[in-house]
Amino acid sequence: MTELKIYNSLTRQKEAFAPLTPGYVGMYVCGPTVYSDVHLGNCRTFISFDIIYRYFKYLGYKVRYVRNITDAGHLEGDRDEGDDKFSKKARLEKLEPMEIVQKYTLGFHKVMELFNNLPPTIEPTATGHISEQIEMVKHILKNGYAYEIDGTVYFDVEKYDKEKPYGILTNRKLEDLLEGTRELSGQEEKKGRLDFALWIKAKPEHLMQWPSPWGMGFPGWHIECSAMSGKYLGKQFDIHGGGMDLAATHHTNEIAQSEACFDMSPARYWIHTNMLTVNGARMSKSAGNGFLPGELFTGNHPLLEKAYAPMTVRFFMLQTHYRSTLDFSNEALQSSEKGLKRLWEAYENLEHLKQGAMFPDVGVDTDLDSRCQELITEFDISMNDDFNTAKVLACMFELVPVINSIKGGQVAPDRISRATFDRLHHQFTIYLHDVFGLRDEATYDSGHLAGVMQLLIQIRKEARARKDYSTSDKIRNELQQQGILLKDEKDGNVSWTVQ
RNA sequence: GGUCCUGUGGCCGAGUGGCUAGGCAGAGCUCUGCAAAAGCUCGUACAGCGGUUCGAAUCCGCUCGGGACCUCCA
């Protein structure tokens, strides 16, 4: 068994993974800001980390997977003024901010469930950890890396950078960063143009505010993740993840905050997932090129030619490495849909073969047998190489003809050994269900429909027996119009699938 | 301007210095009452130009083209 290697954004190279505590993994992933619906790009990140979480579990680790819900604090613009997103949305929808939070949190969970993402083991909210955040800000102030001006506390980036490299995560020098920053506007009070707020003074009319040593206010944009990861995973933990877009600001600031507070880098491995694009441009809320999962599942969007099932989308994402951009297109989705169907049907064939398999090891084709073993072994090898799901799928697809040939009779079942067959079945099952989190998406009630289908198949069989092909074709054709496909197989059996 | 990523056959997409990625689409064949499915066979791709090397799509340089981040965003 090869060792797991992870691409660490912090060092910009693949590194062997060694947890702080053998057998345990602590992983923090930046979750959604619940002031609006998550779009497909957001989902990609959470699906990527779901696979990573599942793979660690598959490897036998006990994983504490913390993914936050940001339900306070984020401001609309890039200045420390104006309203937060929740208050704005609340006024727009004529709801309490916490109703907004509840609404979109529930929606988020629903979407995660549809994509078959496992829930994290802890899902803390920012508003539930105000006191922890205040404590952390106090600590940073005490350590001298922050200053207060009129009820707002800022992090002093330039002072911090004298001791530790602020731009370490994205490999940037402070001078370059300063150059790229826009001029301070006259109304801003912070000292350095890179300084960011840890705690923000609230205006009286502000809907979400809490008491603090600096007066009524609310937490800054980045402190919640530092406070909550510290609380649940410790000052230092194994993995911190999130979308690539968070690296330059949010994660950079998180590192600075944790270092300033605990004198320790928070995470040992940083994993960043790449963006989902549409026509080459990043899908984002502000660009307005985002699909909501609901639109995807119903096909109700101008850019969508048809509806796509959640598992199709999940499979689509699995075919690309998490660090590559993935471009959305109808063509790509449709090819994924067909590919998944083929893979899943092969898996079902494998299940059936498993039930009837009683063949002895007599005519084993050693070439075929060892090739199968190699391919199965490559599942783990590929995943160990920075979670290369695309490679695993390629191996699975290479095994599909083997499975289908045994089923179809082109290859005798005893050409592969019992041990190989069992391993094939076992690894297919584990990978499809447990590691990749795919599930059968048959939209039919298999109980009743299966009975009716048996009846129709029987009638058609009788018609064919007396060469009444007009009846048999009628049954098949009309079923097809209902989206049910009949397949006459070699051995005389008839199978059916819902399109 | 700075920091990076990237350019693979019709489309989508893995990838290692020399050995078939894979999916979808397409062509032929087998099976079949017909179809569908399945099986078998087929494309010898790696932006361009140089260099390193016995050998490079894979390493280096240059050119051209995409993209991300540097402002809230997964």
Side-chain angles (χ1 to χ4, degrees), chain A residues 9 12 29-33 35-36 38-49 74-79 82 84-85 167 170-173 175-182 194 221 241-250 252 272-277 280-287 290 315-316 319-321 323-329 331-343 345-346 349 378 382 385 388-398 400-405 407-411 464 467 469 472-473 476-477 480 485-490 495 497:
Chain A
S9 315
R12 287 173 295 286
V29 173
C30 291
T33 305
Y35 70 96
S36 64
V38 285
H39 65 240
L40 197 62
N42 302 313
C43 293
R44 183 185 182 199
T45 294
F46 301 128
I47 290 171
S48 295
F49 283 107
H74 281 205
L75 296 181
E76 273 291 319
D78 59 341
R79 304 229 183 90
D84 71 64
K85 290 170 174 170
T170 48
N171 194 27
R172 269 173 269 201
K173 292 188 174 66
E175 307 89 77
D176 299 335
L177 286 168
L178 283 166
E179 216 165 290
T181 316
R182 54 174 77 162
L194 286 172
W221 319 334
M244 270 184 186
D245 52 343
L246 297 180
T249 46
H250 183 57
T252 291
H272 287 103
T273 57
N274 215 135
M275 300 292 103
L276 180 73
T277 60
R282 170 184 167 192
M283 182 180 283
S284 75
K285 287 178 185 177
S286 44
F315 178 80
F316 169 62
Q319 281 184 298
T320 308
H321 189 87
R323 281 191 292 112
S324 300
T325 53
L326 174 60
D327 196 56
F328 174 93
S329 72
E331 210 181 351
L333 256 293
Q334 280 161 33
S335 87
S336 290
E337 189 171 69
K338 288 177 188 167
L340 174 60
K341 184 163 176 278
R342 178 169 152 82
L343 185 63
E345 284 182 9
N349 290 339
E378 269 198 63
S382 303
D385 185 14
N388 194 336
T389 55
K391 189 76 191 296
V392 177
L393 285 175
C395 293
M396 289 184 140
F397 273 109
E398 285 202 61
V400 163
V402 177
I403 297 167
N404 287 344
S405 298
K407 161 125 196 306
Q410 293 95 335
V411 167
R464 291 178 72 205
K467 300 216 188 301
Y469 293 123
S472 71
D473 285 352
R476 187 175 61 197
N477 293 340
Q480 189 162 10
L485 187 67
L486 288 187
K487 289 183 278 192
D488 293 327
E489 300 186 346
K490 223 174 180 174
S495 67
T497 53

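By convention in this document, chain letters (A, B, ...) are assigned in the order of the sequence lines, proteins followed by strands, and residues within each chain are numbered from 1. The model shown is predicted, which means the values in this text are computed figures rather than measured ones.
The base-pairing partner of B:C4, taking Watson-Crick or G-U wobble contacts with both distances under 3.5 Å, is B:G67. When both distances must be under 3.5 Å, the Watson-Crick or G-U wobble mate of B:C31 does not exist. Remark: B:G50 base-pairs with B:C60. Criterion, Watson-Crick or G-U wobble with two distances under 3.5 Å. Base pairing of B:A25 is not made with any nucleotide, judged by Watson-Crick or G-U wobble geometry with both donor-acceptor distances under 3.5 Å. For B:U20, there is no paired base (Watson-Crick or G-U wobble, both distances below 3.5 Å).
Residues passing the ring pair (Phe, Tyr, Trp, His ring centres under 6.0 Å) test with A:Phe316, sequence neighbours excluded: none. Residues passing the salt bridge (charged side-chain N to carboxylate O under 4.0 Å, His left out) test with A:Glu345, sequence neighbours excluded: A:Lys341, A:Lys487.
Distance noted for atom P between B:G23 and B:G39: 10 Å (whole Å). When the P atom is compared between B:G67 and B:G13, the two are found 15 Å apart, to the nearest whole Å. Spacing between B:G15 and B:C54 at atom P, rounded to whole Å, works out to 29 Å. With both ends at atom C1', the span from B:G2 to B:G18 equals 39 Å, rounded to whole Å. Taking atom P on both B:G51 and B:A56, the two are 11 Å apart, rounded to the nearest angstrom. Rounded to the nearest Å, the gap between the P atom of B:A47 and that of B:G33 is 49 Å. Taking atom C1' in both B:G9 and B:U20, one finds a spacing of 14 Å when rounded to whole Å. Taking the P atoms as reference points, B:C5 lies 23 Å from B:C46, given to the whole Å.
Between the side chains of A:Arg282 and A:Ser284, not a single donor N or O lies within less than 3.5 Å of an accepting N or O.
The CE-C1' distance, from A:Met275 to B:C73, rounds to 9 Å in whole Å. The CH2 atom of A:Trp221 sits 12 Å away from the C1' atom of B:C73 (whole-angstrom rounding). Put simply, CD on A:Glu331 is 13 Å from P on B:G10, counting in whole angstrom units. For the pair A:Glu337 CD and B:C12 P, the interatomic distance rounds to 18 Å; values are reported in whole Å. Put simply, NE2 on A:His272 is 12 Å from P on B:C70, counting in whole angstrom units. The CG atom of A:Leu393 sits 13 Å away from the P atom of B:G15 (whole-angstrom rounding). The distance between atom CD of A:Glu398 and atom C1' of B:C19, rounded to the nearest whole Å, is 14 Å. What separates CE of A:Met396 from C1' of B:A21 is a distance of 16 Å, to the nearest Å.
Two residues, A:Thr320 and A:Arg44, neighbour RNA chain B, and the one matched to the more 5' nucleotide by heavy-atom proximity is A:Thr320. Residues A:Phe316 and A:Phe397 each lie close to RNA chain B; by heavy-atom proximity, the contact nearer the 5' end of the strand is made by A:Phe316.
Among the nucleotides B:A14, B:A74, B:G13, the one closest to any side-chain atom of A:Asp327 is B:G13. Each of B:G13, B:A14, B:C73 was ranked by its minimum atom distance to the side chain of A:His321; first place goes to B:A14. Of the candidates B:A74, B:C69, B:G2, B:A74 carries the atom nearest the A:Leu276 side chain, counting heavy atoms from C-beta on. Nearest nucleotide to the side chain of A:Thr33, out of B:C4, B:A74, B:A14: B:A74.
When side chains are defined from C-beta on, A:Leu326 does not count as touching A:Asn274, because their heavy atoms never get closer than 4.5 Å. Contact check for A:Pro32 versus A:Asn42: no side-chain heavy atoms found under the 4.5 Å cut-off. A:Asp245 places a side-chain heavy atom less than 4.5 Å from the side chain of A:Met275.
Heavy-atom minimum distance, A:Thr45 versus A:Gly242: CG2-C, 4.2 Å. Closest approach of A:Leu177 and A:Arg172 over heavy atoms only: CD2-CD, 3.8 Å. Nearest heavy-atom pair across A:His321 and A:Asn388 is ND1-CA, 4.0 Å.
To the nearest 0.5 Å, atoms CZ (A:Phe315) and OG1 (A:Thr389) are separated by 10.0 Å.
Between A:Lys338 and B:A25 there is a side-chain polar atom (N or O) within less than 4.0 angstrom of OP1 or OP2.
Using a 4.0 Å heavy-atom criterion, one finds that A:Leu340 contacts no nucleic acid atom at all. When heavy atoms are screened at a 4.0 angstrom cut-off, A:Asn274 is found touching base atoms of the nucleic acid. Contacts of A:Gly242 with the nucleic acid, taken as non-hydrogen atoms under 4.0 Å apart, involve only primed sugar atoms and P, OP1 or OP2.
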Discussion item. I need a per-nucleotide contact map over nucleotides 32-38 of chain B, read 5' to 3'. Cutoff is protein heavy atoms under 4.0 Å; write B for the base, S for backbone only, - otherwise.
Written reply: -BBBBSB
